[in-house]
Amino acid sequence: MNTKIEIIKDLTSDDKYLKEAAEIIKEGGLVAFPTETVYGLGANALDENAVKNIFVAKGRPQDNPLIVHICDFNLDNIVEEVPEVAKKLMDKFWPGPMTLILKKKDVIPEITSANLKTIGVRMPSSYIAKKLIEYSGVPIAAPSANISGRPSPTDVERCVEDLEGRVDYILGGEKSNVGVESTIIDCTVNPPCVLRPGGITLEMLREIDSSIYIDSAIMDKPKEGLKPKAPGMKYRHYAPKAKVKIIEGENKKTIEKINEMVLNYIEQGKVVGIMATDESMESYSNKAKVLSVGKRKDLSTVTKNLFEVLRAFDDIKVDVILCESFEEKGLGVALMNRLKKAAGFDIIKL
Ligand code: TXA
Ligand code: MG
């Protein structure tokens with residue numbers, strides 16, 4: 001398949017690309033596009049065939065439902081009801097990095113919701129995403145624009161790397177600012193439950209409704225036979241080709257341990273990467289390839305760079321990536337959720 005790639009640099013003169021991409025969506029094609037969380041791979045959520053092609057392009061298991069992206073606060077045409085708490089959350093956090101699980105209407109084909117009676121709905125804040133939905137005139141089903149299992153792309157180059165030749169159109173634009181996928185909240189249960197942590201933190205959600213809680217299963221290794229509430233959470237995810245290990249402990253001890261591990265790996269002839277922070281960069285052995293993921297004192301810089309840094313380690317062909325750990329508080333919850341999954345829960349506790 002020939003993939004058309006266009007980058008939006010000027011919102012006025014490049015509007016034609018948005019219209020062109022919207023035409024592709026209307027005709028049942030696939031368009032990758034930027035959002036503030038990660039890049040998405042979109043198709044008309046109401047078109048069964050178009051949605052089927054998303055699963056094919058990504059190599060995504062069919063039991064993993066998609067999020068439907070909208071640009072209008074009126075959800076009556078796609079969901080059965082909007083509970084009070086969902087209305088309050090929408091008012092506060094939309095447009096933005098938050099997905100609400102609601103009871104779906106029959107117009108949403110089963111393939112989009114993977115046979116569930118519910119659907120995830122999100123209104124992105126990215127200008128390009130919003131315009132694409134508006135010009136298409138339909139809700140857009142969009143998973144992250146990566147090959148299934150790989151770290152989600154946060155810029156157009158990574159999108160092209162995974163999807164060129166597999167989709168009709170790649171619309172480039174700004175780098176994703178949040179860097180991890182949206183916070184998913186199940187609003188069909190009471191109290192509402194966070195199924196995937198993201199840019200909107202539990203602390204922020206609790207200012208709207210103090211009963212909201214995080215599903216306890218999501219921060220731990222998935223248990224054999226236990227069905228996760230967000231089907232996607234059971235798959236190996238966000239993983240670079242290299243093996244990822246997390247070292248968890250007090251900062252100074254972590255640095256010592258990582259430097260000791262580097263020597264061992266080098267003896268075995270392995271190329272070692274270290275995922276450090278701006279604060280710790282200088283403390284590591286120059287025998288390893290050290291990349292900073294951001295500032296420990298500002299975790300938004302870390303979530304923003306996380307997936308890109310994991311992919312950058314693959315580019316420099318390391319065999320193993322040793323990662324510092326972060327406190328599971330605020331944005332640290334989403335960050336550690338992705339990092340633990342990337343590591344397949346391989347964590348060394350000091
Ligand atoms: O930030 C985001 O949400 C990005 C951008 C592109 O908007 N999209 C995204 O989609 O992360 P995806 O497909 O990579 O992840 C969707 C997650 C999966 O874990 C899926 O299982 C869960 O949402 N999900 C979707 N519909 C659901 C439902 N009805 N009930 C429970 N979980 C659902
Ligand atoms: Mg994904």
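Note that ligands are numbered from 1 as they come in the structure, with each ligand's atoms numbered from 1 the same way.
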Query raised in the report: With sequence neighbours excluded, what pairs up with Thr183 under the side-chain hydrogen bond (donor to acceptor under 3.5 Å, both in side chains) test?
Result: none
Report summary line: atom 6 (C) of ligand 1 has as its nearest protein heavy atom Gly40 CA, 3.6 Å
Query raised in the report: What's the spacing between Asp168 CG and Leu163 CG if we round to 0.5 Å?
Result: 11.5 Å
Query raised in the report: Is there a side-chain contact between Thr112 and Glu48 (heavy atoms, below 4.5 Å)?
Result: no
Report task. Could you check atom 31 (C) of ligand 1 against the protein and tell me its nearest heavy-atom contact, residue, atom and distance included? Result -> Lys229 O, 3.3 Å
Query raised in the report: Is Glu207 paired with Lys92 through a side-chain N to carboxylate O contact shorter than 4.0 Å?
Result: no
Requested in this report: Check each atom of ligand 1 against the heavy atoms of Leu116 and keep those under 4.0 Å away; list them by number with element.
Outcome: 28 (C), 29 (N), 30 (N)
Query raised in the report: Under the 3.5 angstrom rule, does the side chain of Asp215 hit a backbone N or O of Val194 as a donor-acceptor pair?
Result: no
Report summary line: Residue pairs meeting ring pair (Phe, Tyr, Trp, His ring centres under 6.0 Å), one or both in residues 292-321, sequence neighbours left out, come to Tyr238-Phe307
Query raised in the report: Which residue and non-hydrogen atom of the protein lie closest to atom 13 (O) of ligand 1, and at what distance in Å?
Result: Arg60 NH2, 2.8 Å
Report task. Could you tell me the residue and atom name of the protein heavy atom closest to atom 19 (O) of ligand 1, and the distance to it rounded to 0.1 Å? Result -> Gly232 CA, 3.3 Å
Query raised in the report: With atoms numbered from 1 as shown, which atoms in ligand 1 lie under 4.0 angstrom from a non-hydrogen atom of Thr118?
Result: 28 (C), 29 (N), 30 (N)
Query - NZ/NE/NH1/NH2 to OD/OE distance under 4.0 Å, Lys104 and Glu80 - result: no
Report task. Using a strict cut-off of less than 4.0 Å between a Lys/Arg side-chain nitrogen and an Asp/Glu carboxylate oxygen, indicate whether Lys329 and Glu203 qualify as a salt bridge. Result -> no
Report task. Indicate yes or no for a side-chain donor-acceptor contact from Lys19 to the backbone of Ser136 under 3.5 Å, with no hydrogens or angles considered. Result -> no
Query - Atom indices of ligand 1 within 4.0 angstrom of Pro65 heavy atoms, with elements - result: 20 (C), 21 (O), 24 (N), 25 (C), 26 (N), 27 (C), 33 (C)
Query raised in the report: Distance below 2.8 Å from the Mg ion (ligand 2): how many protein N/O/S atoms qualify?
Result: 1
Query raised in the report: At a non-hydrogen distance cut-off of under 4.0 Å, which region of Pro143 contacts ligand 1 (side chain, backbone, both, or neither)?
Result: both
Query raised in the report: side-chain contact (heavy atoms from CB on, under 4.5 Å) between Leu339 and Met275: does it pass, once the steps are laid out?
Result: CA-CA 11 Å; Leu339 196 54; Met275 197 172 90; 3.8 Å; yes
Query raised in the report: Out of Asp63, Thr37, Thr35, Ile108, whose heavy atom is nearest to atom 4 (C) of ligand 1?
Result: Thr37
**Report entry** Distance-only N or O hit between ligand 1 and Arg196, under 3.5 Å
**Finding:** yes
Query raised in the report: Is the side chain of Asp186 donor-acceptor paired with the backbone N or O of Cys193 at a distance under 3.5 Å, no angle test?
Result: no
Report task. Determine, using heavy atoms of His69 and all atoms of ligand 1, whether some pair is separated by less than 4.0 Å. Result -> yes
Requested in this report: Go through ligand 1 atom by atom and flag the ones less than 4.0 Å from a non-hydrogen atom of Ser182.
Outcome: 1 (O), 2 (C), 3 (O)
**Report entry** Donor-acceptor contact below 3.5 Å, side chain Arg311 vs main chain Pro151
**Finding:** yes
Report task. Enumerate the atoms of ligand 1 whose separation from the nearest heavy atom of Ser144 is less than 4.0 angstrom. Result -> 8 (N), 9 (C), 10 (O), 12 (P), 14 (O)
Report summary line: Under 4.0 Å between heavy atoms, the region of Asp186 that gets near ligand 1 turns out to be neither
Query raised in the report: Ion pair present between Glu260 and Lys257, side-chain N to carboxylate O less than 4.0 angstrom?
Result: yes
Query - Qualifying ring pair (Phe, Tyr, Trp, His ring centres under 6.0 Å) pairs with a residue from residues 158-178, counting only residues at least two apart or across chains - result: none
Requested in this report: List every atom of ligand 1 that sits less than 4.0 Å from any heavy atom of Ala142, numbering the atoms from 1 in the order shown and giving each element.
Outcome: 6 (C), 8 (N), 10 (O)
Report summary line: Atoms of ligand 1 under 4.0 Å from any heavy atom of Asn64, numbered from 1 in the order shown, are 18 (C), 20 (C), 21 (O)
Query raised in the report: Hey, which of Lys243, Lys340, Lys341 is the one that makes salt bridge (Lys or Arg N to Asp or Glu O under 4.0 Å) with Asp346?
Result: Lys243
Requested in this report: Give the single entry among Ile67, Leu195, Ile101 that approaches atom 28 (C) of ligand 1 most closely by any heavy atom.
Outcome: Ile101
Query raised in the report: With atoms numbered from 1 as shown, which atoms in ligand 1 lie under 4.0 angstrom from a non-hydrogen atom of Ile184?
Result: 17 (C), 22 (C), 23 (O)
